[in-house]
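Down below is the structure, laid out as structure tokens.
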Amino acid sequence: GSEDGKVYALRSQDGNKVWEFRAGDRIWAGPVAEGDAVYVATLGGVLYKLQAASGNRVWSFQAGGAIAGPPLALGGRVYVGSFDRTFYALDDRDGQVKWDYQVDNWFWTRPLASGGTIYVAGMDHRLYAFDAGTGQVRWSFEAKSPLRAWPVLTDRFVIVGASDGRVYALDVQTGDRRWDVPVGSPVYAPLATDGQTVYLSALDRDVIALDVKAGNKLWTFKTREEKK
């Protein structure tokens, strides 16, 4: 996806263009390939399902605001949040809304899934755990600042960084806070984990590794030069 409003499919062997699709508006969220489909979201609030082989449109869905985070396609549903302050579950066959949930601020992050639960962080300071089928809120956790960084899942925790420079580890079943640590600068970039360590990049350009079990800082790499 590109700022020019197009999606390009390139041949991996030589980089030659296989097809392109005009989405009609800028694309900030990376396209998501799942099976024989590609899902593309635009800042115009349109989510497209395309055929991966040809780029032909299968369906499109119009949200009420920009979509800046990638969707999640899983189990016959497509989950996506929008700047219209609504989180949507769409039928993967036709793009029709199966359920939605409205909050007080934008959704900017990519959803995660585990065990029939969809997890998504919002700019309203909350991380939500939804029943994937019904949209019922199983739990929500309120941080002290907006949640713009994509969270990560381990077998026990969902871990998310916040705009006030704190990182939270929440119990996947209950949402109870297991630990939270300050990292010294806002966290906007997606987190990553190998199950034992969580890695993050803060706004001050530090790359930090935390122990998943207790949140202890393992190391920090500074990408900027220290002033002498």
Side-chain angles (χ1 to χ4, degrees), residues 28-30 32 67-72 74 79-83 85 87 101 103-132 137-227:
W28 279 8
V32 173
I67 302 175
L72 170 68
L74 181 72
Y79 303 93
V80 68
S82 170
F83 283 14
R85 304 176 297 168
F87 187 73
Y101 189 85
V103 299
D104 293 329
N105 209 323
W106 300 346
F107 286 103
W108 201 324
T109 66
R110 184 179 184 179
L112 302 172
S114 178
T117 301
I118 304 297
Y119 303 91
V120 64
M123 296 291 285
D124 64 347
H125 304 195
R126 288 188 176 273
L127 192 145
Y128 295 89
F130 295 106
D131 181 285
V137 178
R138 291 181 168 171
W139 56 258
S140 69
F141 170 80
E142 186 174 9
K144 295 180 180 179
S145 66
L147 303 177
R148 178 173 155 184
W150 301 359
V152 291
L153 279 169
T154 70
D155 57 349
R156 296 173 56 199
F157 302 139
V158 54
I159 303 174
V160 65
S163 299
D164 64 356
R166 301 194 75 84
V167 177
Y168 299 89
L170 312 175
D171 186 289
V172 293
Q173 299 296 329
T174 65
D176 291 340
R177 179 170 49 188
R178 297 309 182 192
W179 54 258
D180 70 90
V181 296
V183 295
S185 186
V187 181
Y188 296 145
L191 279 63
T193 187
D194 59 8
Q196 303 298 317
T197 305
V198 60
Y199 306 92
L200 61 101
S201 175
L203 190 62
D204 62 5
R205 293 180 286 178
D206 283 356
V207 179
I208 299 169
L210 303 175
D211 170 57
V212 164
K213 185 176 180 181
N216 297 321
K217 186 179 291 187
L218 302 177
W219 51 258
T220 300
F221 176 76
K222 295 185 179 297
T223 63
R224 67 196 186 287
E225 294 184 0
E226 295 287 350
K227 292 182 179 180

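On a predicted model such as this, the values are computed, not experimentally measured, just so you know.
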field: Heavy-atom neighbours of D104 CG exceed 12 at 6.0 Å
entry: no

query: Shortest non-hydrogen contact from V80 to G69?
result: CG2-O, 4.1 Å

Gap between atom CG of D124 and atom CZ of F107 - 0.5 Å precision: 6.0 Å

message: So I159 and T193, do their side chains get closer than 4.5 Å, heavy atoms only?
response: no

query: Can you name the nearest heavy-atom pair linking G81 to I67, along with the distance?
result: O-CG2, 3.6 Å

field: Atom pair CG/CG of L170 and L153 - distance to nearest 0.5 Å
entry: 10.5 Å

- prompt: Under the 3.5 angstrom rule, does the side chain of S163 hit a backbone N or O of P146 as a donor-acceptor pair?
  reply: yes

- prompt: What pairs with T109 under side-chain hydrogen bond (donor to acceptor under 3.5 Å, both in side chains), at least two apart in sequence or on another chain?
  reply: none

query: Is it true that a side-chain atom of T223 and a backbone atom of R205 form a donor plus acceptor pair closer than 3.5 Å?
result: yes

- line: For P71 and V32 the tightest heavy-atom approach is O-CG2, 3.5 Å

task: Would you name the heavy atoms of A29 and A68 that are closest together and state the gap between them?
output: CB-O, 3.5 Å

- prompt: Looking only at atom types and distance, does a side-chain atom of D206 sit under 3.5 Å from a main-chain N or O of I208, one as donor and one as acceptor?
  reply: no

statement: Sorted by chain and number, sequence neighbours left out, ring-ring contact (aromatic ring centres under 6.0 Å, His included) with W106 holds for F83, W108

query: Are any side-chain N or O atoms of Y79 and backbone N or O atoms of A132, one a donor and one an acceptor, separated by less than 3.5 Å?
result: yes

- prompt: What distance separates L218 CG from L210 CG, expressed to the nearest 0.5 Å?
  reply: 7.0 Å

query: What is the minimum heavy-atom distance between D180 and Y168, and which atoms define it?
result: CB-CD2, 3.4 Å

field: For the student: nearest non-hydrogen atoms of W139 and L127, plus distance
entry: CH2-CD2, 3.6 Å

query: Can you find a pair of side-chain heavy atoms, one from Y188 and one from L203, that are under 4.5 Å apart?
result: yes

- request: Only counting residues at least two apart or in another chain, list the ones meeting side-chain contact (heavy atoms from CB on, under 4.5 Å) with E142.
  value: H125, R126

Side-chain touch L147/F141, heavy atoms, less than 4.5 angstrom: no

message: Suppose we screen for salt bridge (Lys or Arg N to Asp or Glu O under 4.0 Å). Which residues come up paired with D171, at least two apart in sequence or across chains?
response: R178

- prompt: How would you list, by chain and number, every residue that makes a ring-ring contact (aromatic ring centres under 6.0 Å, His included) with Y128, sequence neighbours excluded?
  reply: Y101, F130

- request: Decide yes or no for F157 and V152: does some side-chain heavy atom of the first lie under 4.5 Å from some side-chain heavy atom of the second?
  value: no

- request: With D164 as reference, evaluate P186, S185, S145 under the side-chain contact (heavy atoms from CB on, under 4.5 Å) test and give the passing residue.
  value: S145

Enumerate donor-acceptor pairs with a distance under 3.5 Å from any side-chain N or O in residues 111-123 to protein atoms, sequence neighbours excluded.
residue : atom : partner : partner atom : Å
T117    : OG1  : R138    : NH1          : 2.3
Y119    : OH   : V172    : O            : 2.9

